[in-house]
Visitor: 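Got a structure for you, questions after.
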Amino acid sequence: MKRCPDCSYPNPDHLAACFKCGTALDAHGSQAVAPNPVSGPADQQPTFGTCPQCGSPPEPGGYPMPLCSRCRDTLSSRPLPAWTIVSALLVGVILVFAFARFPAAVRAGVAFERGQRAEEQINYDAAEEEYRKVVAQYPDSTEPLARLAICQCKTLNVMEIGGTLKRLEGREMSKELYDEVDAAVKGAETELDRRGLLKQQ
Amino acid sequence: MFFIPGWLISIVTFPGVIVHEIAHQFFCRLFRVAVLDVCYFRFGNPAGYVIHEAPRSAFQSIGIGIGPFILNTLIGAFIAAPAAIPVVQFRTGTPLDFFLIWLGVSIAMHSFPSTGDASTIWQAVWSHDVNILAKIVGAPLVVVIYVGAIGSVVWLDLIYGVAVAMLLPSLLISAAA
């Protein structure tokens with residue numbers, strides 16, 4: 001980057017004249033120079049505001065920099081380097097992948113939230129239904145599976161509780177959650193025993 | 001408040017820097033503003049930059065200045081959301097989920113315009129050709145941008161990135177449930 005000696009504007013290296021004020025950036029430069037009309041001798045001054053890229057007349061329309069139309073088009077649509085295109089494509093592919101996963105993740109998230117609310121309202125049937133949706137989407141997640149087991153214990157869903165508890169075996173979980181599952185299982189056993197159902201199985 | 005060198009943060013979150021500069025360049029192309037030089041990533045401060053001619057209008061200056069704020073926020077949020085939901089809500093996640101969260105936070109935390117961007121927008125808002133209504137609307141916006149740009153010293157950019165990538169999905173789900 002070349003700093004203009006007159007206005008300190010940061011110019012790209014390939015330019016021989018400042019984009020902002022036209023001051024020569026490099027006296028030995030091979031490119032066409034549009035010298036600063038203020039600093040040059042009066043009889044050697046070029047036409048004020050010629051395009052510093054190609055020396056053509058500047059584009060009308062009140063642009064602050066005296067660029068010609070063709071150079072402005074070229075510079076405004078400057079192509080991205082190959083590695084940047086690859087990076088952008090990679091981010092684009094990941095974005096599409098994320099978009100594809102988004103609806104399922106939101107559905108599971110909403111179901112989990114509704115399950116928790118239903119549990120708070122002691123509506124374990126509804127909570128079980130919501131947690132089942134989450135487990136179907138995220139079978140490896142321990143928390144929804146544990147909450148499903150708790151709800152199945154509360155609703156005495158003897159057909160499914162065994163399978164759910166088996167899936168929980170060997171999984172790491174917080175002590176708080178483990179205690180909650182343990183208490184729910186013991187509560188279910190007590191209730192089944194009281195009804196005389198435990199001995200029959 | 002602990003100190004981590006800026007170059008290290010830039011390396012760890014380099015995708016955000018690249019997206020930020022591409023966003024600047026995209027808005028320059030949109031407004032047909034000549035781009036004089038671009039650096040998408042480097043080991044220095046700033047980690048990237050886009051040097052462009054002065055836009056013709058304050059609207060264009062503001063658009064180029066806050067373009068990355070819009071694009072980085074949206075891209076970061078959408079990349080991280082499907083991964084953040086299981087991690088935040090179910091306390092579980094695969095390595096892929098954590099990769100997507102890193103990418104989303106990296107991109108979202110580079111949403112804030114730099115102090116250089118803020119300075120350009122400030123000059124545009126207070127230029128003579130801008131009407132008083134635009135000044136009234138634009139001035140608070142620039143103040144917010146300045147706060148965001150300066151706030152990186154106290155990790156405001158990281159806090160914003162984490163909030164966009166991880167907390168926003170949870171808030172949306174709470175509202176939808």
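This is a predicted model, so every value here is computed, not measured. In the text below, chain A, chain B and the rest are named by the order of the sequence lines, each starting its count at 1.
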Visitor: Can you check whether A:Ser77's main-chain N or O pairs, donor with acceptor, with B:Arg29's side chain at less than 3.5 Å?
Guide: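 Judged by distance alone, yes, a pair lies under 3.5 Å.
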Visitor: Which one wins on heavy-atom pair count under 4.5 Å against chain B: A:Ser174, A:Ala111, A:Pro81, A:Ala88?
Guide: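 Most heavy-atom pairs within the cutoff with chain B belong to A:Pro81.
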Visitor: Pick one of side chain, backbone, both or neither for A:Val96, based on which atoms fall under 4.5 Å of a heavy atom in chain B.
Guide: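 Neither part, no heavy atoms under 4.5 Å.
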Visitor: Rounded to the nearest 0.5 Å, what's the gap from CG on A:Leu95 to CG on B:Leu103? Could you check?
Guide: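 Here the interatomic distance stands at 9.5 Å.
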Visitor: Check whether any side-chain heavy atom of B:Ile79 sits under 4.5 Å from a side-chain heavy atom of A:Val91, and report yes or no.
Guide: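 In short, these two side chains touch, coming nearer than 4.5 Å.
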Visitor: Given heavy-atom pairs under 4.5 angstrom as the criterion, report whether the side chain, backbone, both or neither of B:Leu172 touches chain A.
Guide: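 Interface part for B:Leu172: neither.
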Visitor: Is there a side-chain contact between B:Ile85 and A:Arg101 (heavy atoms, below 4.5 Å)?
Guide: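 Side-chain contact under 4.5 Å: no.
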Visitor: Taking side chain as everything from C-beta outward and backbone as N, CA, C, O, which of these in B:Phe99 sits under 4.5 Å from a heavy atom of chain A? Side chain, backbone, both or neither.
Guide: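 For B:Phe99, side-chain heavy atoms alone lie under 4.5 Å from chain A.
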Visitor: Mind checking whether B:Glu21 and A:Thr84 have side chains closer than 4.5 Å, heavy atoms only?
Guide: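 Counting from C-beta outward, B:Glu21 and A:Thr84 never come under 4.5 Å.
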Visitor: Select one option (side chain, backbone, both, neither) describing which atoms of A:Arg147 are under 4.5 Å from chain B's heavy atoms.
Guide: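 No part of A:Arg147 comes within 4.5 Å of chain B.
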Visitor: For A:Glu172, is it the side chain, the backbone, both, or neither that has a heavy atom closer than 4.5 Å to a heavy atom of chain B?
Guide: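 When you check distances to chain B, no heavy atom of A:Glu172 falls under 4.5 Å.
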Visitor: Can you see which heavy atom on B:Pro55 is nearest to which on A:Pro64, and at what distance?
Guide: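 Reported closest heavy-atom pair: O-CG, 4.1 Å.
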Visitor: For B:Phe78, look at atom CZ and say whether over 12 heavy atoms of other residues, nucleotides or ligands are found less than 6.0 Å away.
Guide: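 Atom CZ in B:Phe78 is not crowded, with 12 or fewer foreign heavy atoms closer than 6.0 Å.
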Visitor: Do the side chains of B:Val50 and A:Arg78 get nearer than 4.5 Å, heavy atoms only?
Guide: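 When only atoms from C-beta onward are counted, B:Val50 and A:Arg78 do not touch, as no gap falls below 4.5 Å.
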Visitor: Taking side chain as everything from C-beta outward and backbone as N, CA, C, O, which of these in A:Leu80 sits under 4.5 Å from a heavy atom of chain B? Side chain, backbone, both or neither.
Guide: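 Contact with chain B: backbone and side chain both.
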Visitor: So how far is it from A:Phe112 CZ to B:Ile173 CD1, rounded to the nearest 0.5 Å?
Guide: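 If we round to the nearest 0.5 Å, A:Phe112:CZ and B:Ile173:CD1 are 11.0 Å apart.
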Visitor: Based on non-hydrogen pairs under 4.5 Å, which of A:Pro144, A:Ala108, A:Ala98, A:Ala104 is most in contact with chain B?
Guide: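 Of the options given, most contacts go to A:Ala98.
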Visitor: Among B:Leu96, B:Thr94, B:Val88, which residue forms the greatest number of heavy-atom pairs with chain A at distances under 4.5 Å?
Guide: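 That would be B:Leu96.
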Visitor: With chain B as the partner, which of A:Asp73, A:Val134, A:Asp140, A:Leu90 has the greatest number of non-hydrogen pairs under 4.5 Å?
Guide: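 With the most close heavy-atom pairs to chain B, the winner is A:Asp73.
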Visitor: Do B:Thr92 and A:Tyr138 touch side chain to side chain, with heavy atoms closer than 4.5 Å?
Guide: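 B:Thr92 vs A:Tyr138: side chains apart.
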Visitor: Where is the tightest heavy-atom contact between A:Phe102 and B:Ala81, given as atom of each residue plus distance?
Guide: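 Nearest heavy atoms, A:Phe102 then B:Ala81: CE1-CB, 3.5 Å.
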Visitor: Around B:Arg91, counting heavy atoms of other residues, nucleotides and ligands shown, do more than 12 lie under 6.0 Å from its CZ?
Guide: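 Check fails, neighbour count at 12 or below.
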Visitor: Tell me if the NZ atom of A:Lys186 is crowded by more than 12 foreign heavy atoms within 6.0 Å.
Guide: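 It does not: A:Lys186 NZ has 12 such atoms or fewer within range.
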Visitor: Please tell me if the side chains of B:Arg32 and A:Ser69 come closer than 4.5 Å, counting only heavy atoms from C-beta onward.
Guide: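 Answer yes - side chains close enough.
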